[in-house]
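Chain letters run A, B, ... following the sequence lines, proteins first, then strands; residues in each count from 1.
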Amino acid sequence: GPDLLAIERAGSGVEVTRLSELLHTRELINKRSRVEAALIKDPTFDKTELLSMGRVEKIQRSLARGKAMKRLQEKEGWDAEEYKIAHQAAGEPTVYDLHDGMFIVTLREQGTPEQHKLFLEPAVNNKIIGCYAQTELGHGSNVRGLETTATWNQADQTFIIHSPVLTASKWWIGSLGRTANHAAVMAQLYIDGKNYGPHPFLVQIRDLKTHEPLENVFVGDIGPKFGFGSMDNGFLLFNQYKIPHVNMLARFNRVDPATGVYKRVGAPSLVYGTMVWVRSNIVLDSGSSLARGVAIAIRYCAIRRQFQDRDAEAAGATGETPVLNYKMVQVRLLPLLAATYALHFTGRGMMEMYEANQERMKKEDIGDRETVKKIRGAAPEDLNPGAEQLADLHATSCGLKALGSTIAVEGLEMCRRACGGHGYSSYSGIGTWYADYLPTATWEGDNYMLTQQVARYLLKSARAVLAGNAPKNETTTTLQFYLSRK
Amino acid sequence: DTGAAFDVLNNDADIVAAYGWRTAYLTFEALRLRDKDHQSWNSLLVHFWRLSTAQSQFLVVRNFYDAVVANPARVAGAVGDVTGEVLRDLFRLYALQTMEQHAADFFTSGAVTTNQISLARTKGISNLLDRVRPHAVSLVDAWNFSDFFLNSSLGRSDGKVYEDMFAKASSNPVNNLTFDPYVDSPVLVKRVAGKL
């Protein structure tokens, strides 16, 4: 093995260090080294036993690893990027992932300054631990179909959170099963019998001292699943559960406590910006996620010798052939190797577009209130004329998230199978990673569902091109070029 | 001479343009089906999936082109001439392989001919596999994954695949169980201290 890889490396003129720096930057590479060195020193992050653990042991271990990682973050002074690197290097999700990745983000994006003081600060300091409770047992990605209700009660100025039917149970909520003591709950807002659609509410669900569920809250873990064994995914039901007025996250919409009147106060196009950011990250990560499997499979196939090349045998050669020399292996692995680079550069381009758009939105105050009045449930391109670039970005992020994660998911399985029998061993390093990566094809929009968003945007762009009133962007330029040349 | 809109076998910019052409063709086809033929949204979902996939593949190919092909001097300055050329081979391999897998769309749209697809398959992709093969290990090394990160016997950077497989198998906890295989015995299994 060692000699064979050395021969492979010696036979290539690729400048590995410079290429690494092109992909990641020297600064990121150094950060990775520092973070991994800290993890390796801590026995909590030893990976020897992980692959033989059952679900219950995994969850217990995940809690220990999660706590250790948060302590290390403080001790080492890691920034957000270094903390993310630590998560990736640790090899498994921890029970705090949704607290860090969704709960805090939701509070930050959708809370008012007053709510930041009340909820965000303790969340950031891990004084309260939360999750983002949107999905329900009977409703996956369709947020408008949610059944949990939040009814405004003018008499004592509270909201009553209630799960009217079994299918209203929050389900699949990461970090909810056993970890969270708070939840950002999406519920249908009712005022005087009128439905105002789904809105976010901050709800305490467990006692901060005993960690027992509070009265009229029914909460627990949903059980074993494919991959993600180290995460507690939860269910949650409410029985006429009261929360104070201040617990409705009110950056964009609020209820006047004195009059009970519903008001819009912000620009929901910024929420679309968050979704675009999350999906852009998925695109960027899809390249490196696939590269994990490709790196393993290519190194192994360069070492593994099996059978003899038929023509070489006829020419009198002896010895077995490196598996990677077979065209049937090359055609499966080398295009995937190319795809890792393609996705990485695409993800980087996507992030640059996102950042440029955020800058532009800040300058132009996109989502002006005049237009916002009209747009309950509207798509981003309908928000106002200035949001066209966001619409393009939204569609692009939907389509690329779907394509990138599909390529990575299917590619990882291809890599595992290219490793032959040993690909089935957990020690290959691909199977467990594949199982943990697989949900990416479903969360943040199911990959098949998302394609409708892209098609809707393209159809709208095509109509605008035919009508002669299309905004100038890459999509419309491509469509116009086709019309002019076909 | 190509008999099609684009020379995808000899011109990298034409590869990108062919992807854009195919997307535009599928877009106007979907528009016709929806607005003129008044087909239901549900009946068009499969077409929409194909359209979205085409659009996203176009964006991936265009981004990859911009990063490694459009400005060869910049790439060579960053990674050297040899590596720059290997990256351009990776671009062609990804773009032609994806095109070959979706050949029907490209052919139907008039972006390429069947002969071009056939040549891409028999010569283009096959030659590119030969060109990329010697650099495969270096190209995955450049991802800079540590052994701690990969946690893989097969993908160890030092190549000690079989030694590591054997060591991990030997020390796995199932080997610390003592089995009582006799069916009449009430004891099934117990843990014992000690190693294999």
K.L.:
Could you look at A:His422 and say if it's the side chain, the backbone, both or neither that has a heavy atom under 4.5 Å from chain B?
P.N.:
both
K.L.:
Can a salt bridge be assigned to the pair B:Glu85 and B:Arg92 using a cut-off of 4.0 Å between side-chain N and carboxylate O?
P.N.:
yes
K.L.:
Can you tell which part of A:Val283 gets under 4.5 Å to a heavy atom of chain B, answering side chain, backbone, both or neither?
P.N.:
neither
K.L.:
Consider only side-chain N and O atoms of A:Thr48 and A:Asp46, and report whether a donor and an acceptor are under 3.5 Å apart.
P.N.:
yes
K.L.:
For each of B:Leu51, B:Thr98, B:Asn151, B:Val132, tally heavy-atom pairs with chain A at distances under 4.5 Å, and name the one with the top tally.
P.N.:
B:Asn151
K.L.:
Could you look at A:Ala402 and say if it's the side chain, the backbone, both or neither that has a heavy atom under 4.5 Å from chain B?
P.N.:
neither
K.L.:
Which one, A:Val294, A:Asn447, A:Leu23, A:Leu324, leads in non-hydrogen pairs under 4.5 Å with chain B?
P.N.:
A:Leu324
K.L.:
Under a 4.5 Å heavy-atom cut-off, does chain A meet the side chain of B:Tyr65, its backbone, both or neither?
P.N.:
neither
K.L.:
For the candidates B:Gly84, B:Ser126, B:Ser157, which exhibits the highest count of non-hydrogen atom pairs separated by less than 4.5 Å from chain A?
P.N.:
B:Ser157
K.L.:
If you count heavy-atom pairs under 4.5 Å with chain B, which of A:Gly347, A:Ser12, A:Gly429 comes out on top?
P.N.:
A:Ser12
K.L.:
Taking A:Glu15 first and then A:Arg18, would you say they form a salt bridge - that is, a charged N and a carboxylate O separated by under 4.0 Å?
P.N.:
yes
K.L.:
Apply the side chain to side chain contact (heavy atoms under 4.5 Å, CB included) test between B:Asp12 and each candidate in B:Val16, B:Ile15, B:Asn10; give the one that qualifies.
P.N.:
B:Ile15
K.L.:
Quick check for you: among A:Leu400, A:Thr478, A:Ile430, A:Thr406, which has the greatest number of heavy-atom pairs under 4.5 Å with chain B?
P.N.:
A:Leu400
K.L.:
Please classify the contact between B:Asp35 and chain A as side chain, backbone, both or neither, with a heavy-atom cut-off of under 4.5 Å.
P.N.:
side chain
K.L.:
Given heavy-atom pairs under 4.5 angstrom as the criterion, report whether the side chain, backbone, both or neither of A:Leu458 touches chain B.
P.N.:
both
K.L.:
Under 4.5 Å heavy-atom distance to chain A, tell me which part of B:Gln57 shows up: side chain, backbone, both or neither.
P.N.:
both
K.L.:
Between B:Thr53, B:Asp81, B:Leu26, B:Asp130, who has the most heavy-atom pairs with chain A when the cutoff is under 4.5 Å?
P.N.:
B:Asp130
K.L.:
For the pair B:Arg62 and A:Glu474, find out whether any cationic side-chain nitrogen is under 4.0 Å from an anionic carboxylate oxygen.
P.N.:
yes
K.L.:
Give, as side chain, backbone, both or neither, the part of A:Leu466 having an atom under 4.5 angstrom from any heavy atom of chain B.
P.N.:
side chain
K.L.:
For a quick check under 3.5 Å, do A:Tyr326 and A:Arg332 share a side-chain donor-acceptor pair by atom type?
P.N.:
no
K.L.:
With a cut-off of under 6.0 Å to the ring centre and 45° to the axis, is A:Arg416 in cation-pi contact with A:Tyr424?
P.N.:
yes
K.L.:
Using 30° and 60° as the class boundaries, would you call the ring planes of B:Phe149 and B:Phe145 parallel, tilted or perpendicular?
P.N.:
parallel
K.L.:
Please determine, among B:Ala142, B:Ala24, B:Ser146, the option with the most heavy-atom pairs under 4.5 Å with chain A.
P.N.:
B:Ala142
K.L.:
Between A:Ser52 and B:Asn172, does a side chain to side chain donor-acceptor pair (under 3.5 Å) hold up when you go through it step by step?
P.N.:
CA-CA 7 Å; A:Ser52 294; B:Asn172 102 70; 4.6 Å; no
K.L.:
Taking atom types as modelled, find out whether A:Arg26 and A:Asn30 have a side-chain donor-acceptor pair closer than 3.5 angstrom.
P.N.:
yes
K.L.:
How are the rings of A:Phe481 and B:Trp21 set relative to one another: parallel (under 30°), tilted (30 to 60°) or perpendicular (over 60°)?
P.N.:
perpendicular
K.L.:
Of all of A:Arg292, A:Glu8, A:Arg485, A:Gln88, which one pairs up most often with chain B through heavy atoms under 4.5 Å apart?
P.N.:
A:Arg292
K.L.:
Given heavy-atom pairs under 4.5 angstrom as the criterion, report whether the side chain, backbone, both or neither of A:Leu459 touches chain B.
P.N.:
both
K.L.:
Which answer fits B:Arg156, side chain, backbone, both or neither, if we ask what part of it has an atom under 4.5 Å from a heavy atom of chain A?
P.N.:
backbone
K.L.:
More than 12 non-hydrogen atoms from neighbouring residues, nucleotides or ligands closer than 6.0 Å to NZ on A:Lys327, yes or no?
P.N.:
yes
K.L.:
Does A:Arg417, at its CZ atom, have more than 12 non-hydrogen atoms belonging to other residues, nucleotides or ligands within less than 6.0 Å?
P.N.:
no
K.L.:
Can you say whether B:Val68 sits under 4.5 Å from chain A via the side chain, the backbone, both, or neither, judging by heavy atoms?
P.N.:
side chain
K.L.:
Chain B: which of A:Gln480, A:His344, A:Arg348 shares the most heavy-atom pairs with it under 4.5 Å?
P.N.:
A:His344
K.L.:
May I ask you to name which of A:Thr475, A:Thr340, A:Thr396 has the most heavy-atom pairs under 4.5 Å with chain B?
P.N.:
A:Thr340
K.L.:
For B:Phe148, does the CZ atom have more than 12 heavy-atom neighbours from other residues, nucleotides or ligands under 6.0 Å away?
P.N.:
yes
K.L.:
Could you check which of B:Leu44, B:Thr23, B:Val86, B:Leu93 has the highest count of heavy-atom pairs closer than 4.5 Å to chain A?
P.N.:
B:Leu93
K.L.:
Against chain A, work out which of B:Leu90, B:Thr27, B:Val82, B:Leu129 has the most heavy-atom pairs shorter than 4.5 Å and name it.
P.N.:
B:Leu129
K.L.:
What part of A:Ile407 gets closer than 4.5 Å to chain B, counting heavy atoms only: side chain, backbone, both or neither?
P.N.:
side chain
K.L.:
Given a strict heavy-atom distance threshold of 4.5 Å, which part of B:Leu96 is in contact with chain A: side chain, backbone, both, or neither?
P.N.:
neither
K.L.:
Just checking A:Arg463: does its CZ atom have more than 12 heavy atoms from other residues, nucleotides or ligands closer to it than 6.0 angstrom?
P.N.:
yes
